[in-house]
Structures are given as structure tokens and as C-alpha cells.
Amino acid sequence: MHGSGGRIWWYVPAMTGDRSERDPYLNHWADHAADKTLRAHPDAKRIVVAAGITPSGVVHIGNFREVITVDLVARALADRGVDVRFIYSWDDFDVLRKVPKDAPEQEMLTESLGKSIADVPDPWGTHDSYAAHNIARFEDSIGPLGIEPEFIRQHAMYRAGKYADGIRAALQNAGKIRDLINAAREATGARTRIADDWLPLAGFCSTCGKDDLGFSYDGDWTVSVHCNACGHDEAVDLRKGGNLKLPWRVDWPMRWGYEQVAFEPGGKDHSSAGGSYDTAKGIVRDVYSWSAPQYVGYDFVSAKGQGGKLSSSKGGVVDVTTCLEVYEPEVLRWLFAGYRPNTEFAISFDLDVIKLYEDYDRAVRLAHEAEDGGKKDKKRQTARRVLELASVSPRKIVPGSTAPTLIAFRHLSTVLQTYDGDIRGTADYFVNSGELPEADRARFEARAQCVWNWVERYAPEDFRYRIRTEAVTREVPEAQRGPLQSLVEILEADPNATEASIGEKMKALSQSGVDMKAFFPVVYDLLLGRDRGPKMSTLLAIMTPARALPLLRPSL
RNA sequence: GGGCUAGUAGCUCAGCUGGCAGAGCAGCUGACUUUUAAUCAGCGGGUCGUAGGUUCGAACCCUACCUGGCUCACCA
């Protein structure tokens with residue numbers, strides 16, 4: 001599912017209402033951002049919110065924060081009865097500055113340094129360009145999350161001449177822009193100033209594709225370009241488009257004006273004084289007659305165990321796809337919705353995954369509880385609002401309605417392993433046992449897949465087990481022979497044993513004086529090759545006596 | 001050098017634009033028990049980084065400082 005441009009997605013207002021009314025329930029940070037945006041544009045019929053990322057490397061989970069931040073604010077705006085247009089600008093007219101280490105074709109990439117990433121061939125050979133490869137991977141990955149912006153490719157916009165007016169305005173106001181940037185420099189104590197003959201222009205040679213260019217401007221639509229790399233000279237008519245573009249600091253405010261952007265977040269690298277947002281604010285006002293969008297600065301996301309900022313140029317980057325292998329889409333959204341944008345946090349792949357799922361499940365239950373006018377209502381409301389925003393497709397949660405059945409991650413991991421990862425079989429088990437309504441099966445299977453991925457790829461050794469495929473014969477201590485014999489008899493007598501029936505017999509065994517603490521390790525060893533394991537009755541019922549007996553009998 | 005941000009319970013974080021410090025996990029106690037860090041009930045736990053200031057009232061606003069993180073200075 002690639003955004004090929006031209007497709008437009010609208011968020012349909014979920015409810016109508018007076019936008020000036022302040023509903024205390026709408027109290028999430030995305031709600032505050034939405035309110036702020038509406039206050040800045042009180043008469044707008046439609047609000048444009050924007051995200052933008054450079055696909056100069058793997059688009060990772062840190063970049064994702066930009067997108068989810070906009071999506072959540074778009075939802076909040078829609079909840080206020082506003083039409084929202086969510087655009088996503090791929091800054092793929094960027095320069096290839098570094099050779100990505102993890103890519104093949106290192107030689108080709110090295111030769112391509114200085115070219116536009118939209119023109120660098122895809123080293124993996126699966127897409128039209130290096131940029132297109134990164135873009136496709138990301139666009140595909142966010143589909144399951146219910147995020148559907150209108151994707152815009154900067155290189156296509158520039159080449160088609162769409163920004164001709166914007167470029168001309170920048171060139172004609174080059175002095176003003178220089179002054180704005182220089183003023184910001186001085187204010188922050190920077191020593192360097194922009195040269196007096198500097199033009200807000202960048203681009204690529206149309207002969208050799210490199211970005212080492214010199215410009216002169218005729219004051220209207222024509223720019224003369226000289227390539228320092230290959231010596232090529234040409235005159236470019238801005239109206240016809242081509243390979244010229246604005247440098248980042250000017251490109252950003254130009255696009256704000258072009259798209260009438262009212263809200264756009266930024267990473268903290270843009271957020272400081274003298275940084276790009278700061279100067280863009282002045283430029284959009286003085287050159288493009290538009291006001292800077294409402295802004296939320298967001299902090300970085302790391303992956304637990306990797307630490308620090310995620311950089312696309314380093315290896316071991318965690319992307320959305322990787323996260324979705326372990327986190328259900330709604331759980332992932334919920335994580336990002338739960339943290340305020342300006343807090344840094346880590347996506348965990350270790351034991352914390354269990355805790356996060358438990359927290360999420362608890363939040364779901366809390367959100368569905370009926371309100372009772374008590375102190376806890378506020379927590380119920382908060383949980384409800386976060387979950388509404390986190391839901392993959394917009395939905396409202398009615399207090400007092402039945403919560404979906406969610407099987408706890410830990411429990412699921414146990415049963416799933418007993419079933420060797422057979423998700424359908426595990427689902428049948430839960431349905432038959434009455435723990436899972438048939439209606440919640442699809443959701444269950446999605447979670448089960450995540451659990452299994454986690455068990456296989458990330459779970460600590462202690463957590464993993466496999467039922468023996470071949471029996472071993474052990475010298476069973478004298479004291480455990482009797483109990484083992486009894487267990488075998490119990491299983492032989494009841495080939496269709498259930499968890500409950502086995503549980504009852506085990507209880508009887510325990511009451512008859514058997515020391516279960518000493519006995520269980522013997523059984524676990526015979527079945528699993530370890531001295532601890534899932535609850536015995538569950539394990540035996542799921543694996544069935546038919547499978548358990550051959551593993552137990554040889555040691556009698 | 002400039003800027004931003006964080007510092008709240010052992011840990012991870014809330015604290016809704018000033019109104020009695022809070023959740024989860026961990027810990028402790030008890031109950032129960034068929035043991036992957038089971039379940040249920042209950043309890044304890046914080047000088048809100050430091051020092052001042054504003055206010056009837058400050059975790060929240062102001063000032064200075066300490067510590068950590070990040071970021072900016074013709075790269076997008």
C-alpha cells in the first residue's frame with residue numbers, strides 16, 4: 001500500500017459540537033494540542049496537520065513518533081467536529097550524505113554521494129530508488145496502525161514546478177531571509193554569519209546529479225546554474241520545475257505556506273533557539289504570509305537494550321515492523337499515546353513486554369467500567385480517552401460496556417508453548433475452556449502471534465520450554481516412584497482428561513501425603529527437560545495423556 | 001557560548017494550566033495453593049534536585065544554583 005500521491009484521506013468528524021466548548025473529558029495532550037491549534041485558527045473550516053521525514057535511511061521507531069503524534073492530534077481535532085487533512089511530506093529530495101553501512105552495493109552508494117536520494121538506485125534492487133525503498137517499507141508498516149495520511153513526495157513536487165512561486169519568493173527575499181537567520185545566529189552567540197551573496201537555493205546538476213552547484217539569479221523566474229562537479233552550465237526556468245529546491249530552513253516554512261499547515265510537531269533537534277523551527281517561524285511570516293504551525297516538540301524513542309538515540313546510519317535500527325512483531329497495533333499506539341511527547345522512552349523487547357501488556361489490559365478493563373461518581377472515575381476517564389485515541393480505527397468506549405476478552409500475555413505464552421506455537425489450536429483451547437468468546441478470536445490470534453514472536457526471539461531462556469519429543473529414562477528417587485505410578489494411572493484412566501479433572505486428582509494426591517514440591521520437578525524433567533514448568537494440570541491437559549504417558553512410563 | 005528538557009516511593013512514570021502528594025511493579029503481612037516472577041486481601045514507603053521569592057495556599061508560578069540528557073552555530 002504505497003501512497004502514490006493524489007490520494008486524499010480525510011478524517012470524518014466523529015461527533016459534532018461547538019469547538020469552543022471545553023469538554024473536561026478531552027484532556028489528553030493531543031486534546032490540548034488540538035485546542036491550541038483551533039484557537040490559532042478559530043475560523044478555519046478545515047485544519048491541515050503535517051508530518052515530514054527524510055527517508056535517508058531506515059525510517060525507525062523514533063521517526064514514527066512524528067507520525068503518531070500528528071495522527072493523535074488529527075483524531076483529537078476530528079473529535080471536535082473539525083475536518084482534518086493529514087499530510088505527510090517525504091523529504092526525498094535530500095542529498096545522500098553518508099553511505100548506509102547495512103546496505104549492499106557499497107561501491108555504488110559511495111559513487112552516489114551528493115546525489116538526490118530519489119535518484120540513487122535501490123541497493124536492494126526492489127524499488128525505484130534508495131528513497132523509494134525506505135519510503136515503501138515505512139508506508140507498508142504503518143498500515144496496520146490505522147494511520148493513513150496523504151503522502152507527498154518532495155522530489156516530485158519540486159520537479160513538477162509546484163513550488164515555483166515559493167522558490168521565487170525566497171530568492172526575491174533572500175536579503176530578508178539572510179537577516180532573519182543571521183539575527184538568530186547572533187542571538188544565540190554563533191560567530192559565523194551568512195555570506196552576503198548567499199542565495200536560499202540548493203539542488204542537483206541535471207547532467208551528473210551531484211549537489212555541488214553555484215547559482216546566479218535574474219530576479220524573476222530564471223536561475224543560472226553551474227555545476228562544480230562536472231562543469232555543466234544551464235539556465236533553469238523555475239516555472240518548469242527541475243532539480244532546484246530550497247534549503248531546509250527555507251523549504252520548511254515555504255511548505256507551511258503552500259499547504260496552510262496549522263499543526264506540525266518536530267523532533268527536539270528542531271526545537272532550540274536558532275534552530276530550524278525558530279528561523280522558519282520568521283520566514284513564513286515575512287516571506288510567505290502565513291503563521292507558523294502550532295508545535296509540539298517530541299523526544300527520542302530508543303529500544304531497550306540498545307540505548308540512546310536511534311540513528312538510521314548505525315546498524316541495529318528498530319523500525320515499526322519490528323515493534324509490531326511483538327506489540328499489537330493498538331498496544332503500540334497506546335504506548336505512544338500514553339507518554340507525553342516530550343518524554344523520552346524506550347520500546348522494550350525484554351521482560352517488560354509482559355508488564356506493558358498487563359498495564360494495557362488493566363487500562364482496557366478500567367476504561368470499560370461504569371462510572372460511580374467516585375474518586376476512581378477520573379482514572380476511568382483518562383484510561384478511556386487514551387484508549388480511544390489509541391484505537392486503530394476511531395471508536396468510542398461506552399462506560400459499563402463489556403470489555404473485550406484479553407488473555408494475559410504470560411498465561412498465553414505458557415499455553416502457546418505447550419502447543420508448540422500452534423495459534424489456532426491454542427485459540428480452540430481457550431474457546432473450549434470458556435475463557436475466550438468466539439467473537440474475540442481474531443484479536444486473540446493477533447496477540448498470540450505477538451506472544452509467540454516474543455517467546456521465539458526475545459524471551460529469556462528461563463521462559464522458554466519445549467515438550468520432549470523423545471522420552472528419557474531417569475532413575476527416579478524411591479520416594480517419587482509411588483506418586484509417579486499414581487500419576488500414570490490417573491492419566492491412563494482418563495484419556496480425555498481436562499485441566500479441572502486432573503487438578504482434582506492432583507489435589508487428592510497432595511492430600512494423600514505426597515510432597516508435591518519434591519515430586520513436580522521429577523515430572524517436569526521427564527516432560528520438559530527442566531525442573532519447573534507451567535501449572536501441571538494445565539500442561540498435562542493440553543499435551544493430553546496420550547502424549548504425556550510415553551514420556552513418563554519409561555522411568556517407572 | 002545559546003537554547004530546550006528532566007530531576008516526585010526501591011523501579012517505571014502520573015499529577016488534569018496553584019487546593020490534603022498518586023498508580024503499576026517491587027517490598028512486607030495474611031489467606032489460599034494443582035510452582036515458569038500463581039491468585040486474593042491488606043500494609044508500609046516520598047524534605048516532590050538545592051536555596052530563596054510570589055501567594056491564604058506551590059510538586060506546579062518567578063529567580064539562582066546543582067546534576068543528567070538533548071540540541072543549535074550557512075546539514076537536511
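Below, chain A is the first sequence line, B the second, and so on; all start at residue 1.
Nucleotides B:G52 and B:C25 have their P atoms positioned 38 Å apart, rounded to a whole Å. Taking the P atom of each, B:G10 and B:G49 are spaced 14 Å apart, rounded to whole Å. For the P atom pair drawn from B:C74 and B:C61, the interatomic distance equals 34 Å after rounding to whole Å. When the C1' atom is compared between B:U39 and B:A6, the two are found 38 Å apart, to the nearest whole Å. A distance of about 28 Å separates the P atoms of B:A38 and B:G22, rounded to the whole Å. Going from the C1' atom of B:C62 to that of B:G42 covers 44 Å, rounded to whole Å. Comparing the same atom, P, in B:G2 and in B:A64 gives a spacing of 12 Å after rounding to whole Å. Comparing the C1' positions of B:G7 and B:U47 gives an interatomic distance of 15 Å, to the nearest angstrom.
For A:Phe520, whose side chain is taken as the heavy atoms from C-beta onward, the closest listed nucleotide among B:U35, B:U34, B:A76 is B:U35. Picking from B:G69, B:U34, B:U36 the nucleotide with the shortest atom distance to the side chain of A:Lys507 gives B:U34. Ranking B:C16, B:U34, B:U12 by closeness to the A:Asn27 side chain, first place goes to B:C16. Taking the side chain of A:Tyr524 as heavy atoms from C-beta on, and the options B:U34, B:U36, B:U71, the nearest nucleotide is B:U36. Comparing B:U71, B:U36, B:A76 by their closest approach to the side chain of A:Lys245 singles out B:A76.
For the residue pair A:Tyr465 and A:Thr418, a side-chain donor N or O sits within less than 3.5 Å of a side-chain acceptor on the partner.
Atom OH of A:Tyr298 and atom C1' of B:U5 are 16 Å apart (whole Å). We find that CZ of A:Phe345 is positioned 20 Å from C1' of B:G7, with the value rounded to whole Å. Atom pair A:Met543:CE and B:U34:P shows a separation of 21 Å (rounding to whole Å applied). Look at CG on A:Asp359: it is 15 Å from P on B:A23, rounded to the nearest Å.
Looking only at side-chain heavy atoms (C-beta outward), A:Met506 and A:Met536 come within less than 4.5 Å of each other. A heavy-atom distance below 4.5 Å is found between the side chains of A:Ile347 and A:Phe336. A 4.5 Å side-chain heavy-atom check between A:Asp361 and A:Arg447 finds at least one atom pair inside the cut-off. A heavy-atom distance below 4.5 Å is found between the side chains of A:Ile467 and A:Leu551.
Heavy atoms of A:Thr414 sit under 4.0 angstrom from at least one base atom. Among the heavy atoms of the strands lying under 4.0 Å from A:Tyr465 is at least one base atom, whether or not backbone atoms are also near. Residue A:Arg340 is classed as a sugar-phosphate contact, given heavy-atom separations below 4.0 Å to backbone atoms only. Looking at heavy-atom distances under 4.0 Å, A:Gln381 makes no contact with the nucleic acid at all. In this structure, A:Thr343 reaches the sugar-phosphate backbone alone: every heavy-atom distance under 4.0 Å involves primed, P, OP1 or OP2 atoms, never a base.
Within 6.0 Å of CD on A:Glu456 lie more than 12 heavy atoms contributed by other residues, nucleotides or ligands. Taking a 6.0 Å sphere around NZ of A:Lys281, one finds it holds 12 or fewer heavy atoms contributed by other residues, nucleotides or ligands.
The backbone N or O of A:Ala174 sits nowhere less than 3.5 Å from a side-chain atom of A:Trp198 that would complete a donor-acceptor pair. At least one donor-acceptor pair under 3.5 Å links the side chain of A:Arg530 to the backbone N or O of A:Arg464.
The two residues A:Pro247 and A:Ala202 come nearest to each other via the heavy atoms CD-N, 4.3 Å.
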Atom pairs under 3.5 Å, N or O on each side, protein against nucleotides 72-75 of chain B: can you list them with distances?
| from | atom 1 | to | atom 2 | distance (Å) |
| --- | --- | --- | --- | --- |
| B:C72 | O4' | A:Ser272 | OG | 3.2 |
| B:C72 | O3' | A:Arg249 | NH2 | 3.4 |
| B:C72 | O2' | A:Gly274 | O | 3.4 |
| B:A73 | OP1 | A:Arg249 | NH2 | 2.8 |
| B:A73 | O2' | A:Thr192 | OG1 | 3.0 |
| B:C74 | O4' | A:Arg185 | NH2 | 2.8 |
| B:C75 | O2' | A:Arg97 | NE | 2.8 |
| B:C75 | O2' | A:Arg97 | NH2 | 2.5 |

Report each atom pair, protein N/O against N/O of nucleotides 8-11 of chain B, whose distance is under 3.5 angstrom.
none

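Ring-plane geometry between A:Trp252 and A:Trp248 is classed as parallel, the angle between the planes falling under 30 degrees on a 0 to 90 degree scale with a further cut at 60.
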Practice problem: With pairs defined as Watson-Crick or G-U wobble and both distances under 3.5 angstrom, please note down RNA chain B as a dot-bracket string, | for pairing with another strand. | Solution: (((((((..((((.....[..)))).(((((.......))))).....(((((..]....))))))))))))....

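Comparing A:Gly338 and A:Arg530 against RNA chain B, the residue whose closest nucleotide sits nearer the 5' end is A:Gly338. Position along RNA chain B of the nearest nucleotide to A:Glu358 versus A:Ser510 favours A:Glu358 as the more 5'-ward residue.
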Quiz item: Could you walk me through whether A:His32 and A:Asn27 pass the side chain to side chain donor-acceptor pair (under 3.5 Å) check?
Solution: CA-CA 7 Å; A:His32 293 299; A:Asn27 197 33; 3.2 Å; yes

Quiz item: Going through the distances and angles, do A:Tyr258 and A:Tyr288 end up as a ring pair (Phe, Tyr, Trp, His ring centres under 6.0 Å)?
Solution: CA-CA 8 Å; A:Tyr258 184 88; A:Tyr288 296 105; over 10 Å; no

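Contact annotation: A:Arg362 does not reach the phosphate of B:G24 (side-chain N/O to OP1 or OP2, under 4.0 Å).
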